[in-house]
Engineer: 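Have a look at this one.
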Amino acid sequence: MPTYTPPLRDMQFVMHEVLNVSADFQAIPKYAEADAETIDAVLEEAGKFASEVTFPLNMSGDEEGCTLNKETHEVTTPRGFKEAYHKYVEGGWPALSCDPAYGGQGLPLVVNQCFYEMLNSANQAWTMYPGLTHGAYAALSTHGTDEQKQTYLPKMTSGEWTGTMCLTEAHCGTDLGLMRTKAEPQADGSYLITGNKIFISAGEHDMTSNIIHLVLARLVDAPPGIKGVSLFIVPKFIVEKDGTLGARNAIHCGGLEHKMGIHGNATAQIVIDGARGYMVGQPNKGMQAMFVMMNAARLGVGNQSLGLTEVAYQNALAYAKDRIQMRSLSGVKAKDKPADPIIVHPDVRKMLLTAKAYAEGGRALAIYCAVLLDKAHYHPDEKVRKDSDEMLSLLTPIVKAFSTDNGHIATNACMQVFGGHGFIKEWGMEQFVRDNRINMIYEGTNTIQSLDLLGRKVLGNNGATLKKFGKLVGQLVEEEGVNEKMAEFINPIAMLGDQMTKFTTELGFKGFQNPDEVGAAAVDYLRVAGHLVHGYFWARMAQVALREIAAGNTDPFYQAKLQTARFYFAKLFPETATLMRTARSGSKVLMDTDLALA
Ligand SMILES: Cc1cc2nc3c(=O)[nH]c(=O)nc-3n(C[C@H](O)[C@H](O)[C@H](O)COP(=O)(O)OP(=O)(O)OC[C@H]3O[C@@H](n4cnc5c(N)ncnc54)[C@H](O)[C@@H]3O)c2cc1C
């Protein structure tokens, strides 16, 4: 059976020692009281919830899955899921970072970010039920009318109702412009929605009294394509004027998908058969409103893989210290045993350190993004709000794709540490690999994230935001450029920062002549950009560790951090050279292949 210990110390290190988040929060009036002590105290309890309440249900939920009653269309979640959800609600956990105007606790989003990392480590399938609600909450609080906010947000804040996102149809996944679900206006201002959605996460369940579906549909007279899509609230039960639940709406689960992982989460086929819906935002501008939810979900999906990377690492580490096989190449280490523990073997260490480096680098990036999100929403200075929003927009596809690809690499490496036992269910490792796999696909596949990064976020604004990130790298290089001890961390990012400018210009030029060049290079490009970002945070973490050691701090945490930083720059970061080379090899070798692919 796997185990899980919340990585509170590392979260505290990133928040308080590397990023000094409290200083940012002091500049935001609504967070003036969110000091380090408060944040740490909440996260300690949050860690207990994840490790004691939802983690024990992870394997049984995977084994049991969800069941659909075809007569009633009701879904039963695995044993214990509903009770765990009730504990989550009773503990006030849904409200952590929600607005006090709707009953929220008003804590910074970074608290929720760290809480959700732990929930994802503990049980990704369970976590998706409440997790999607946060995205739906964000979309409604940004684009909903006052009446919609008053009707739905307090119940989503308390956790009494959950939310979903209903975009995908059988013939339309990546290309939402192909959507067919239609919406007909009614005399009372509502709409009748008709269509079939598939793959809807948490689309039906037994945890709450109502489910608030956010559904994309097309008005009858809408222009074709993505510009004719509008967003609607379609509740499972109609909410009456006094807030009580009325009639059952004509939206139900027609089937559940049988899938590779996240078995405990109901992936529902949703039949919408003339259901009552209420428009959110403007007609034909549904994507604008839905993008608020999609961006939140993209960060959330990166966080799912971060959680799985951490828990896979913890278990592989414990196993590698315990499992004895063969002797160390450099001489016997465990003289009292018939063989040495496998952690003595260089390649086992490489697998462990790969997961550790991706978990800790990913955590620094995720926490940085959560602070950006708070600053983008609530900072009193308009320029800070705008800059934070732009930076977050650049980093979102990196969080989504780089963290989930790394999760794939890391969970597989950790499973490998277990040898054949990793392939056997009882150790739990194969579940981490299976559960992580969807993270690279949904919320826009990682290819689509790469196109978004290179095509829209970088080339689309002539590299302006990328240059701003480059400036952060430049500042660190300037600060530490003469510090010999930092050279091994600073030189690689300084060099890659310079190369990135030329690399980007070159791809932009080739892409201008032939857009397939962008498509051919984008995935490699995102991975290079991901390493620049991780490299920057690893250099900052090394900087703090060196400073503490120089000041006489003997906490082994700092030496461990330096060792991991060294591993990262020596063994993982250098793949950027190969990636730039493969990106530069161009589109011809892909597109002139009709015979090969005949
Ligand atoms: C378990 C699960 C849960 C899900 N949850 C939800 C949910 O809650 N709500 C929801 O609405 N949807 C959900 N989805 C749907 C998910 O978001 C889509 O599956 C995903 O966006 C991809 O769409 P698709 O499956 O139709 O693939 P397609 O769009 O058919 O893509 C197939 C392949 O072609 C590639 N491709 C497509 N277009 C391009 C292009 N322009 N350039 C390069 N490559 C391209 C893709 O990257 C992919 O590799 C879920 C899916 C699963 C499996």
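Atoms within a ligand are numbered from 1 in the order they appear, just like the ligands themselves. All of these numbers come straight from a predicted model, not from anything done at the bench. Note that these values count all heavy atoms, side chains included, but never hydrogens, waters or copies made by symmetry.
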Engineer: Is it the case that over 12 heavy atoms from other parts of the model lie below 6.0 angstrom from the NE2 atom of His258?
Structural biologist: no

Engineer: Quick one, Asn446 with Lys400, criterion side-chain hydrogen bond (donor to acceptor under 3.5 Å, both in side chains). Give me CA distance, side-chain angles, the key distance, then yes/no.
Structural biologist: CA-CA 7 Å; Asn446 285 0; Lys400 198 289 179 173; 2.9 Å; yes

Engineer: Which residue and non-hydrogen atom of the protein lie closest to atom 43 (C) of ligand 1, and at what distance in Å?
Structural biologist: Thr447 CG2, 3.6 Å

Engineer: Do me a favour and list the nearest non-hydrogen protein atom to atom 39 (C) of ligand 1 with residue, atom name and distance?
Structural biologist: Ile448 CD1, 3.7 Å

Engineer: Report the C-alpha distance between Asp524 and Arg581 in whole Å, list the side-chain angles of each, state the deciding distance to 0.1 Å, and finish with yes or no for salt bridge (charged side-chain N to carboxylate O under 4.0 Å, His left out).
Structural biologist: CA-CA 9 Å; Asp524 292 337; Arg581 198 168 154 192; over 6 Å; no

Engineer: Strictly by modelled atom types, are His408 and Asn436 linked by a side-chain donor-acceptor pair under 3.5 Å?
Structural biologist: no

Engineer: Parallel, tilted or perpendicular: which one describes the rings of Phe49 and Trp93, with boundaries at 30° and 60°?
Structural biologist: tilted

Engineer: Can you check which of Thr445, Leu451, Ile438 brings a heavy atom nearest to atom 46 (C) of ligand 1?
Structural biologist: Thr445

Engineer: Run the numbers for me: atoms of ligand 1, each under 4.0 Å from some heavy atom of Glu443, listed by number.
Structural biologist: 17 (O)

Engineer: Which residue holds the protein heavy atom closest to atom 21 (O) of ligand 1, what is that atom called, and what is the gap in Å?
Structural biologist: Gly444 N, 4.0 Å

Engineer: Quick check: Thr174 and ligand 1, any N/O pair under 3.5 Å apart?
Structural biologist: yes

Engineer: Can you report which non-hydrogen protein atom sits closest to atom 24 (P) of ligand 1, along with the distance?
Structural biologist: Gly173 CA, 3.9 Å

Engineer: Just do the salt bridge (charged side-chain N to carboxylate O under 4.0 Å, His left out) check on Lys87 and Glu83 with the steps written out, would you?
Structural biologist: CA-CA 6 Å; Lys87 282 189 188 159; Glu83 291 74 16; over 6 Å; no

Engineer: Got the closest protein heavy atom to atom 16 (C) of ligand 1, with its distance?
Structural biologist: Tyr442 CB, 3.8 Å

Engineer: Is Thr168 close to ligand 1, meaning an N/O of one under 3.5 Å from an N/O of the other?
Structural biologist: yes

Engineer: More than 12 heavy atoms of other residues, nucleotides or ligands under 6.0 Å from CE of Met260: yes or no?
Structural biologist: yes

Engineer: Mark up the atoms of ligand 1 that fall under 4.0 Å of a heavy atom belonging to Ile200, in ascending order.
Structural biologist: 7 (C), 8 (O), 9 (N), 10 (C), 11 (O)

Engineer: Tell me, which protein residue and heavy-atom name are nearest atom 9 (N) of ligand 1, and how many Å apart are they?
Structural biologist: Met165 O, 2.8 Å

Engineer: Could you say whether the N/O atoms of Phe199 and ligand 1 ever approach to under 3.5 Å?
Structural biologist: yes

Engineer: What protein heavy atom sits nearest atom 20 (C) of ligand 1, and how far away is it?
Structural biologist: Ile441 O, 3.9 Å

Engineer: Decide whether an N or O pair under 3.5 Å exists between Cys172 and ligand 1.
Structural biologist: no

Engineer: Is the number of heavy atoms from other residues, nucleotides or ligands under 6.0 Å of Lys285 NZ greater than 12?
Structural biologist: no

Engineer: Any chance you could lay out the salt bridge (charged side-chain N to carboxylate O under 4.0 Å, His left out) test for Arg79 and Glu63, step after step, and finish with the verdict?
Structural biologist: CA-CA 10 Å; Arg79 241 167 309 130; Glu63 199 66 31; over 6 Å; no

Engineer: Output yes when a protein non-hydrogen atom is found under 4.0 Å of atom 29 (O) of ligand 1, and no otherwise.
Structural biologist: yes

Engineer: Is the Tyr137 ring parallel, tilted or perpendicular to the Tyr102 ring (thresholds 30°, 60°)?
Structural biologist: perpendicular

Engineer: List the closest protein heavy-atom neighbour of atom 8 (O) of ligand 1: residue, atom name, distance to the nearest 0.1 Å.
Structural biologist: Ser201 N, 2.9 Å

